[in-house]
Chemist: 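Dropping a structure here in structure tokens format, bear with me for questions.
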Amino acid sequence: MTPETQTRQTEPASFVEMLERLDDLASTLRTGELDERLSRLPDTVAEAHRLKRKLVDHAVEIREAIACLRGNARPASSG
């Protein structure tokens with residue numbers, strides 16, 4: 001495995017890093033030499049799907065946490 005491949009397979013540490021990686025993948029698909037893009041397409045698509053699933057999982061966790069916080073919130077007292 002080349003150092004570049006190892007770097008790409010390293011798990012992003014945060015939600016924002018995963019979004020940035022998806023943006024990098026999309027940019028890579030739009031730029032560069034066609035033969036190179038086509039040769040990497042299956043790996044790129046597989047990585048994008050994996051990141052998308054993780055992002056969706058995180059989004060669900062965030063929505064659940066917000067709902068929990070809203071459920072525990074008390075209405076502001078008037079006056």
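In what follows, every heavy atom counts, from backbone to side chain, and hydrogens, waters and symmetry copies are set aside. One-based numbering along the sequence shown. The structure displayed is predicted, hence computed values, not measured ones.
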Chemist: Rounded to the nearest 0.5 Å, what separation is found between the CD1 atom of Ile66 and the CD atom of Glu61?
Modeler: 12.0 Å
Chemist: Between Thr31 (side chain only) and Ser27 (backbone N and O only), is there a donor and an acceptor less than 3.5 Å apart?
Modeler: yes
Chemist: Can you find a heavy atom in the side chain of Leu25 that is under 4.5 Å from one in the side chain of Val45?
Modeler: no
Chemist: Give, for atom OG of Ser14 and atom CZ of Arg21, the distance between the pair rounded to the nearest 0.5 Å.
Modeler: 14.0 Å
Chemist: Return the set of residues passing salt bridge (charged side-chain N to carboxylate O under 4.0 Å, His left out) with Glu36 (not counting sequence neighbours), or none when no residue passes.
Modeler: Arg40
Chemist: From Lys52 NZ over to Glu47 CD, what is the distance, rounded to the nearest 0.5 angstrom?
Modeler: 15.0 Å
Chemist: Roughly how far, to the nearest 0.5 Å, is the CD1 atom of Ile62 from the CG atom of Leu55?
Modeler: 9.0 Å
Chemist: Rounded at 0.5 Å granularity, tell me how far CZ in Arg53 sits from CE in Met18.
Modeler: 12.5 Å
Chemist: In the structure I gave you, are the side-chain heavy atoms of Leu19 and Leu51 within less than 4.5 Å of one another anywhere?
Modeler: no
Chemist: Closest heavy-atom contact between Arg30 and Arg37?
Modeler: O-NH1, 3.2 Å
Chemist: Working to the nearest 0.5 angstrom, can you tell me the gap between Ser39 OG and Leu34 CG?
Modeler: 9.5 Å
